[in-house]
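Below: the structure, in structure tokens.
Just so it is clear, the model here is predicted, and its values are computed rather than measured. Only heavy atoms go into these numbers, but all of them, side chains included; no hydrogens, no water, no symmetry mates.
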Amino acid sequence: MSEGQLLVLGAVAGFTIFLGLPIARVGSLPGEVRAFLNALAIGILVFLLFDVLAHANEPVEAALEAASGDGGSWSRFAGLALVFAAGVAAGLVGLVYYDRWMTGQRASRERRAGPGAAHVSELAQPRWDAGSEARHLALLIAL
């Protein structure tokens, strides 16, 4: 895929997300239209994920071909495969820990002392509020 094609595809993905922001606030939009726009955005994001992973796998595949055919180094292949696997694992584990952290933040805000026992600092609005479950999921997908 050329750089121009990648830029166009990224622009389409960004435009669907940009279009979805105001449309999500419109309450009278039919469910079929919302489902179509969600499916379109998710499909583009999944395609971009596979494209990025395919490009990230190219050095590992080249090192494997060199090691198996041209007398290349198996340790280079093992090192590149380890870096690839560690990067993917760190990204996925990071998302899991971020999700747990956000869930803990929301749970701590929901714990109140009870009637007459609240402190003024407990009633103050936090500086940044993740909001509803839908906002939490959208932020997680964006990350």
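Every side-chain contact (heavy atoms from CB on, under 4.5 Å) that Ser73 has, sequence neighbours left out, goes to Ser75, Arg76. Listed by chain and number, the residues in a side chain to side chain donor-acceptor pair (under 3.5 Å) with Glu32 amount to none (sequence neighbours excluded).
Hydrophobic clustering (side-chain heavy atoms under 4.5 Å, transitive across Ile, Leu, Val, Met, Phe, Trp, Tyr) keeps Leu48 apart from Ile42. A continuous path of Ile, Leu, Val, Met, Phe, Trp and Tyr side chains, each step under 4.5 Å between heavy atoms, connects Phe15 with Val33, placing both in one hydrophobic cluster. A continuous path of Ile, Leu, Val, Met, Phe, Trp and Tyr side chains, each step under 4.5 Å between heavy atoms, connects Leu53 with Leu92, placing both in one hydrophobic cluster.
The distance from the CZ atom of Phe47 to the CG atom of Leu49 is 11.0 Å, given to the nearest 0.5 Å. Atoms CD and CG, on Glu58 and Leu80 in that order, are 12.5 Å from each other to the nearest 0.5 Å.
At a threshold of 4.5 Å between non-hydrogen side-chain atoms, the residues Val60 and Val83 do not count as touching. Contact of the Asp99 side chain with the Leu95 side chain is not registered, since no non-hydrogen atoms from C-beta on lie closer than 4.5 Å.
Closest non-hydrogen pair, Phe84 versus Asn57, comes out as CE1-N, 4.1 Å. Smallest separation of non-hydrogen atoms from Leu64 and Trp74: CD1-CZ3, 3.7 Å.
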